[in-house]
Peer 1: 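Below: one structure in structure tokens.
Heads up: numbering here begins at 1 and tracks the sequence. Side-chain atoms are counted along with the backbone in the values below, which use heavy atoms only and exclude waters and symmetry mates. Predicted model only: the values in this text are computed from it and were never measured.
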Amino acid sequence: MSWARAVVICLCACALVLAAHDSAQARRTKPRKADATQTRPRKERVRKPWVEREQTLPAPETETETEVEEPEPEAPEEPASQPRSRGDSEVIEDPELAARGGTATATPDSESDGEQIEDPELAGAGRARSSQSGPAAAAPAFPSDARLVLHSRFGVDLRRGDPREEAMEGTTVATLEATVRRSESMRFALGVRVRHHVSTLNRSVADAAAERLELDAIPTAGYIELKLAEGTHLQLGYQQVQLGRFDLVSASDVLSIFDVRNGPATMPEAFEVGQLAARLDYDPLSWLSFRALYVPFFTPFIMSVAESDYGLVPQRQRDVDSELSMLGVTRWLSQNLSRADRERFAQTGLAAFAPEPSLRSQQAALRATAHGTLGELSLTAATALEKLPVMYFSREAIAYLQDQTTPEVAEAFEMAERPIRVQYNRFALLSIDGAVDVPPLSIGFEAAYMFNRTLFTLGHGAYPGTLPLPDTSDVVQLGLRAEYVAGTELGMTAELFGVYTMRTPQDASRGWMFFEAERYLLGLAAAGAWAPDFGLKLELGLLVMTGPSLVLAPRVGYMLLDQLEVEIGAILIEGPPPPLVVTPRVAVGTLYDTVDQVFAGFILSI
């Protein structure tokens, strides 16, 4: 087993950052405009549709007393030129009624020539009765909306090394979301995402054709939102469960799950996934709010296993050739199992090791936020499960992976109880974060302490040092962010982050993967966008990490029509060349240095 296959677990280190960058840009077509007259801290991503609606309701009318001047003792004489109504009805003017906005006039009557007095109160009541009897008397309409986004992108790799690397890929994502409001206190939301993916090798290989196809549908929303009381809102069903205020690299967002099958090339519409959850928002005071999240059943990240360049254990031709030649099934595989079939088998096998859908795998978080004129401050406590699978190998399994021909080794492996097992370990989080506006910037920070995080270790030299083995440690993560919020055309966000492990691995011959001096990891994630009024969009995503590693994601978009945008861009990943001898100090850029690509596509919004 090559060391490159063993350490590809770093997929999410760059995939999550770049896809979160695209998602942040997609959430706003133009950057926020700063309020020049008020300093306001950057608010959390807390959606409260009830507040907006309540603020737009008309205020109740109130009666005001009006001073009425005493009328003149004698009424003015009626002009002679004014004709009388039919029947010579007499006009009586009441000064009190006139002061209140009404008049007392005689109106023609087909039946009689009687006297009629107009009273504004009676007239108002009559108008109310008239309006209730007409079409306007129907129940008030509550706004509902639906939106369809079709995003298609085709990419070509710039570097083609191993025959097993995919040279071209195309992905089309259709996202349909709808909201229906039944009353002031009830709203429904539905959403589904359909993804079609096709990728191909540079050429067919001995055991498989070049093309690989995928088609699936994933729910993004399916919940009911209720207003239980003033300042209390409950949301039940399939939904996204974000935490924290950092957009690119967040330590507090431990409950969200992501679809990272396309790695750094993941489109924003295909990134976040809904899961069954309950969310309660409670605002007991004007300056204090609480959010509670509960996820009863566990869902891991959605990822490729073997057949994708961004898979958990991507295949390399020399490894496949040696394994298939030993088994003698190369021709049988090429005739019976396509690359897509094998990927489905691998994903199904991995899913079989996921926790059972029981309350033993439940997750939860509680977040409190205080806000005022100086800024916002939040505290978060959570318990969650690792979203990436962790594989544990017994000593018999480690020996068998190295030597599969010796009978004694094979027998010991067969007799071992659970020689290989997959787990999703539990961890806990305590974090504090805040934000304050310093025009033209919004400044934020985050400090998190995570208990019992699972990390991967590597040894030095040959096998079994090349086999990644898991271990646990408490981890501290610090972050600092700045966002440019002035103007309507330019938007920029930069986030510095640092991760520090509280101890070294239990095996002294091993070290934490990707960590400098086997203890810390530093990085900078940034995203910028310029969107002038004539339809052009220029965007740039950047990730720099210790290693060193560099990821660049430039993108150019143009609005051909109000609902149609075309795009071109690239994803460039750079890192040092692979070391001659395996060490724990492996850079993310080294692992994905060969997946650079350029792409073109379109986005249709209806």
Side-chain angles (χ1 to χ4, degrees), residues 8-23 26 149 151 153 155 166 169-177 191-199 212-222 237-242 250 253-277 295-315 339-357 361 363 384-391 422-425 454 592 595:
V8 293
I9 196 65
C10 67
L11 165 68
C12 292
C14 60
L16 296 183
V17 171
L18 290 182
H21 147 63
D22 285 341
S23 180
V149 177
H151 192 171
R153 180 181 288 180
E166 294 178 328
E169 63 179 39
T171 304
T172 300
V173 174
T175 304
L176 176 61
E177 294 179 331
V192 64
R193 180 174 66 241
V194 179
R195 172 183 176 271
H196 178 265
H197 177 81
V198 57
S199 58
R212 179 173 66 90
L213 298 174
E214 291 179 344
L215 177 63
D216 56 78
I218 297 175
T220 59
Y238 275 88
Q239 57 191 292
Q240 298 172 7
V241 287
Q242 298 94 347
S250 175
D253 193 13
V254 296
L255 299 183
S256 297
I257 57 174
F258 307 112
D259 186 343
V260 293
R261 286 175 291 180
N262 283 70
T266 302
M267 295 184 293
E269 297 84 1
F271 187 58
E272 296 182 272
V273 179
Q275 53 185 320
L276 186 63
V295 182
F297 306 121
F298 171 73
T299 303
F301 283 169
I302 302 174
M303 61 180 61
S304 299
V305 179
E307 294 296 333
S308 169
D309 289 347
Y310 316 109
L312 191 63
V313 188
Q315 300 290 313
R339 295 176 57 235
D341 295 332
R342 299 176 210 180
E343 180 62 29
R344 283 193 292 270
F345 272 120
Q347 292 181 0
T348 302
L350 186 63
F353 291 97
E356 297 179 356
S361 59
Q363 305 170 86
L385 299 178
E386 299 284 359
K387 305 305 185 294
L388 292 175
V390 178
M391 300 186 69
V422 178
Q423 293 184 192
Y424 295 85
N425 295 330
T454 300
Y592 296 101
V595 297

Peer 1: Assign the ring pair Phe258 / Phe301 to parallel, tilted or perpendicular, where the plane angle (0 to 90°) is split at 30° and 60°.
Peer 2: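 Correct class here is tilted.
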
Peer 1: Taking only residues two or more places apart in sequence, or in another chain, which ones meet Val192 in a side-chain contact (heavy atoms from CB on, under 4.5 Å)?
Peer 2: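 Result, side-chain contact (heavy atoms from CB on, under 4.5 Å) vs Val192: Leu176, Ala217.
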
Peer 1: Do Ser199 and Glu169 have a side chain donor and acceptor closer than 3.5 Å?
Peer 2: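 Side chains of Ser199 and Glu169: no pair found under 3.5 Å.
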
Peer 1: Got a donor-acceptor contact below 3.5 angstrom from the Asp259 side chain to the Arg261 backbone?
Peer 2: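 Confirmed, Asp259 side chain pairs with Arg261 backbone.
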
Peer 1: What heavy-atom pair brings Tyr310 and Asn262 nearest, and what distance separates the two atoms?
Peer 2: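 Shortest heavy-atom contact: CE1-O, 3.3 Å.
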
Peer 1: With Ile302 as reference, evaluate Val260, Asp216, Val273 under the side-chain contact (heavy atoms from CB on, under 4.5 Å) test and give the passing residue.
Peer 2: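 Running side-chain contact (heavy atoms from CB on, under 4.5 Å) over Val260, Asp216, Val273 with Ile302 returns exactly one hit, Val273.
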
Peer 1: Closest heavy-atom contact between Glu177 and Thr220?
Peer 2: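 Closest approach of Glu177 to Thr220: OE2-OG1, 3.7 Å.
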
Peer 1: Can you name the side chain to side chain donor-acceptor pair (under 3.5 Å) partners of His197, sequence neighbours left out?
Peer 2: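 Once residues adjacent in sequence are excluded, the partners of His197 under the side chain to side chain donor-acceptor pair (under 3.5 Å) criterion are Thr171.
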
Peer 1: Any salt bridge (charged side-chain N to carboxylate O under 4.0 Å, His left out) pairs touching residues 297-313, not counting sequence neighbours?
Peer 2: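 Pairs touching residues 297-313 that pass the test: Glu307-Arg339.
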
Peer 1: Rounded to the nearest 0.5 Å, what separates atom CG in Leu213 from atom NE2 in His196?
Peer 2: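 Here the interatomic distance stands at 5.0 Å.
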
Peer 1: Out of curiosity, Phe271 CZ to Ile257 CD1, how far, rounded to the nearest 0.5 Å?
Peer 2: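 Phe271 atom CZ to Ile257 atom CD1 measures 11.0 Å (nearest 0.5 Å).
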
Peer 1: Using the test ring pair (Phe, Tyr, Trp, His ring centres under 6.0 Å), find all partners of Tyr238 that sit at least two apart in sequence or belong to another chain.
Peer 2: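 Once residues adjacent in sequence are excluded, Tyr238 has no partner under the ring pair (Phe, Tyr, Trp, His ring centres under 6.0 Å) criterion.
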
Peer 1: Looking at residues at least two apart in the chain, or sitting in another chain, which of them share a side-chain contact (heavy atoms from CB on, under 4.5 Å) with Ala174?
Peer 2: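 Ala174 satisfies side-chain contact (heavy atoms from CB on, under 4.5 Å) with Leu150 once adjacent residues are dropped.
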
Peer 1: Excluding sequence neighbours, so at least two apart, what forms side chain to side chain donor-acceptor pair (under 3.5 Å) with Ser256?
Peer 2: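 Ser256 satisfies side chain to side chain donor-acceptor pair (under 3.5 Å) with Asp253 only.
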
Peer 1: Using the side-chain contact (heavy atoms from CB on, under 4.5 Å) criterion, which residues pair with Ala384? Sequence neighbours excluded.
Peer 2: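 Scan of Ala384 (side-chain contact (heavy atoms from CB on, under 4.5 Å), adjacent residues dropped) gives Val254, Leu255, Gln363, Lys387, Phe427.
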
Peer 1: Suppose we screen for side chain to side chain donor-acceptor pair (under 3.5 Å). Which residues come up paired with Gln275, at least two apart in sequence or across chains?
Peer 2: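 For Gln275, no residue satisfies side chain to side chain donor-acceptor pair (under 3.5 Å) once neighbours in sequence are set aside.
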
Peer 1: Taking salt bridge (charged side-chain N to carboxylate O under 4.0 Å, His left out) as the test, write out the residues that go with Glu214, two or more places apart.
Peer 2: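 By the salt bridge (charged side-chain N to carboxylate O under 4.0 Å, His left out) rule, Glu214 matches Arg195, Arg212.
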
Peer 1: Is there a donor-acceptor contact under 3.5 Å from the side chain of Glu269 to the main chain of Met267?
Peer 2: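 Answer holds: no.
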
Peer 1: Under the side chain to side chain donor-acceptor pair (under 3.5 Å) rule, collect the residues that match up with Thr172, sequence neighbours excluded.
Peer 2: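 Partners of Thr172 under the side chain to side chain donor-acceptor pair (under 3.5 Å) test: Ser152.
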
Peer 1: Are Pro300 and Tyr424 packed together at the side-chain level, in the sense that at least one heavy-atom pair is separated by less than 4.5 angstrom?
Peer 2: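 Yes, close enough: below the 4.5 Å cut-off.
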
Peer 1: As a quick check of understanding, evaluate side-chain contact (heavy atoms from CB on, under 4.5 Å) for Leu388 and Met303, giving each step before the final call.
Peer 2: CA-CA 9 Å; Leu388 292 175; Met303 61 180 61; 2.9 Å; yes

Peer 1: Take Leu276 and Val295 through the test side-chain contact (heavy atoms from CB on, under 4.5 Å) and record every step on the way to the result.
Peer 2: CA-CA 6 Å; Leu276 186 63; Val295 182; over 6 Å; no

Peer 1: The test is side-chain contact (heavy atoms from CB on, under 4.5 Å); show your working for Ser308 and Glu166 and say whether it passes.
Peer 2: CA-CA 7 Å; Ser308 169; Glu166 294 178 328; 4.3 Å; yes

Peer 1: Sub-3.5 Å donor-acceptor pair from the side chain of Arg193 to the main-chain atoms of Glu272, do we have one?
Peer 2: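 Pair found, side chain donor or acceptor close to backbone of Glu272.
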
Peer 1: Write down the atom of Pro296, the atom of Ala277, and the distance for their closest heavy-atom approach.
Peer 2: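 Pro296 and Ala277 have their closest heavy atoms at CD-CA, 4.3 Å.
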
Peer 1: Taking only residues two or more places apart in sequence or in another chain, which ones pass side-chain contact (heavy atoms from CB on, under 4.5 Å) with Ser361?
Peer 2: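 By the side-chain contact (heavy atoms from CB on, under 4.5 Å) rule, Ser361 matches Phe298, Pro355, Leu385.
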
